[in-house]
Number of protein chains: 2
Amino acid sequence: MVDDEKPMSLTRAERRRRSEASILGAARELLAERGFERTTIRGVAERAGVDPALVMQHFGTKDDLFAAAATWSVPIHGLLGAGREDLPHAAIEHVLDAFEDPELRGTAEAVLRSCLTHPAAGTIVREQVLGSAQAAVATTIGGPDAELRAALLNACTLGLSIARYLLAVPALADVDRADLERVLGPALQALVDPT
Amino acid sequence: MVDDEKPMSLTRAERRRRSEASILGAARELLAERGFERTTIRGVAERAGVDPALVMQHFGTKDDLFAAAATWSVPIHGLLGAGREDLPHAAIEHVLDAFEDPELRGTAEAVLRSCLTHPAAGTIVREQVLGSAQAAVATTIGGPDAELRAALLNACTLGLSIARYLLAVPALADVDRADLERVLGPALQALVDPT
DNA sequence: GTCTATATCTTGATAGAC
DNA sequence: GTCTATCAAGATATAGAC
């Protein structure tokens, strides 16, 4: 019982870890490009360079694979640390950082791409992504309309993310950070300041 | 050749017109609820109360059915007639009207629901919905950033539509028109006014 | 014009050899 | 641990009877 570990166990665990990581990466790419419905187990396996059956062996079902690939832990510390004057700036940075970091962008796109058609993805966006940011922002805004203002702030940044990165609207996809902040900043400021 | 019209032709044409309309209505409903991939010909036929083969007979392919059901002629005259001070108000009315008219809402949701996963729907939103509104708004905005400001105005209203009507974010789905305009209006005004 | 029957393909998932 | 072979279900689309 004690010494039944085989000498190859490290290699076995290592191989498993690697194939799991490559499967997860391939799944994220395809989910980001095509969404949940058009992403197939076979397609994921092919891009990962493994056998289709191996994907099922590791993750059980397609939904479980999605859940594993689309786990998006939103870093809201940037929003929490901001005062009311910094909030627009922080919010814009928040989304631009997520989509310009190659690591984060995959999962962010994977979740957003399917959020209108896949119930699980919709719940993630509604409750985790928008929900946590809304709660973090509402307290620093304050006032009677705090929740509404926070929700609208989120809606605008969500619209920007979708239009710029997922739909690739020309006028938004091409513009650089500085112009974006310069033009959008005052608008979000008006949203945050209760007049 | 001249008199080969049958006496029943009116009935036949009428029946065809009716079944086509009911198929189109059922397709719009399901497309709005589930999106393109999860909408099946069988499901459309069942909801319309007709035979699945009849759907194909009328529309040829599933993509053609989508094209017919998701033809969204955006009424931008409200945006064209507005001056710079009225633009935020007109823009908000523009989206709220579309989603609160039961007739328009179906097609609007059908297009938006699939715009991230179905290429044709994405093109419609990018070029027709956002494109036409952007062109209409950019000229009244004027200045060097006109296109960018118009695109951002569109992105914000798109985000509002998605969050409120498709994702049903609580804080946005429950609020009424007046509050929405009161809070969002000044923000969009700041977006429109070049400072 | 409408429906029955079916062809053809693709999907997610499983069983078992090695 | 990995792959071959395959199942069962569901999809679009078509052919032909009525």
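Because the structure is predicted, anything quoted here is derived from the model rather than measured.
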To the nearest angstrom, how far is [X] atom [atom1] from [N] atom [atom2]?
X	N	atom1	atom2	result
A:F36	C:dT11	CZ	C1'	12 Å
A:I41	D:dC7	CD1	P	20 Å
B:L54	D:dT14	CG	P	15 Å
A:I23	C:dG12	CD1	C1'	15 Å
A:R17	D:dG1	CZ	C1'	16 Å
B:E37	D:dT12	CD	P	11 Å
B:E46	D:dG10	CD	P	13 Å
A:E14	D:dG1	CD	P	12 Å

Sequence neighbours excluded and cut-off under 3.5 Å, please list the side-chain donor-acceptor pairs for residues 126-142 of chain A, or say none.
unit_1 : atom_1 : unit_2 : atom_2 : d
A:R126 : NE     : B:L167 : O      : 2.6
A:S132 : OG     : A:Q128 : O      : 2.7
A:Q134 : NE2    : A:E147 : OE1    : 3.0
A:T139 : OG1    : A:A136 : O      : 3.4
A:T140 : OG1    : A:V137 : O      : 3.0

Any N or O donor-acceptor pair linking the side chain of A:R15 to the base of D:dG1 at under 3.5 Å? no
In terms of the nearest nucleotide of DNA chain C, which residue is placed more toward the 5' end: B:P52 or A:R42?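 With B:P52 and A:R42 compared, the 5'-side residue is B:P52.
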Starting at the 5' end of DNA chain C, which residue's closest nucleotide do you reach first, A:M56 or B:H58? B:H58
Does this structure show an ion pair linking [X] with [Y], if we count only N-O contacts that are shorter than 4.0 Å?
X	Y	result
B:D97	B:R177	yes
A:E33	A:R113	no
B:E46	B:R42	no

If you only use heavy atoms from C-beta on, which nucleotide in [options] is closest to the side chain of [X]?
X	options	value
B:T40	C:dG12, D:dC3, D:dT12	D:dT12
A:D51	D:dT2, D:dT4, C:dT2	D:dT4
B:A53	D:dC3, C:dG12, D:dA15	D:dA15

Name the atoms and distances for all side-chain donor-acceptor pairs under 3.5 Å in residues 67-83 of chain B, with sequence neighbours left out.
unit_1 : atom_1 : unit_2 : atom_2 : d
B:T71  : OG1    : B:A67  : O      : 2.8

Of all of residues 59-71 of chain A, which get a heavy atom below 4.0 angstrom from DNA chain D, listed by number? none
Evaluate the side-chain proximity of A:H58 to A:L54: yes if any heavy-atom separation is below 4.5 Å, no if none is. yes
Set out, in order, the CA-CA distance, both residues' side-chain angles and the distance that settles side chain to side chain contact (heavy atoms under 4.5 Å, CB included) for B:R164 and B:F99, then state yes or no. CA-CA 10 Å; B:R164 177 174 163 103; B:F99 279 93; over 6 Å; no
So A:R16, base contact, sugar-phosphate only, or nothing? Heavy-atom distance under 4.0 Å.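 Nothing, no nucleic acid heavy atom in range.
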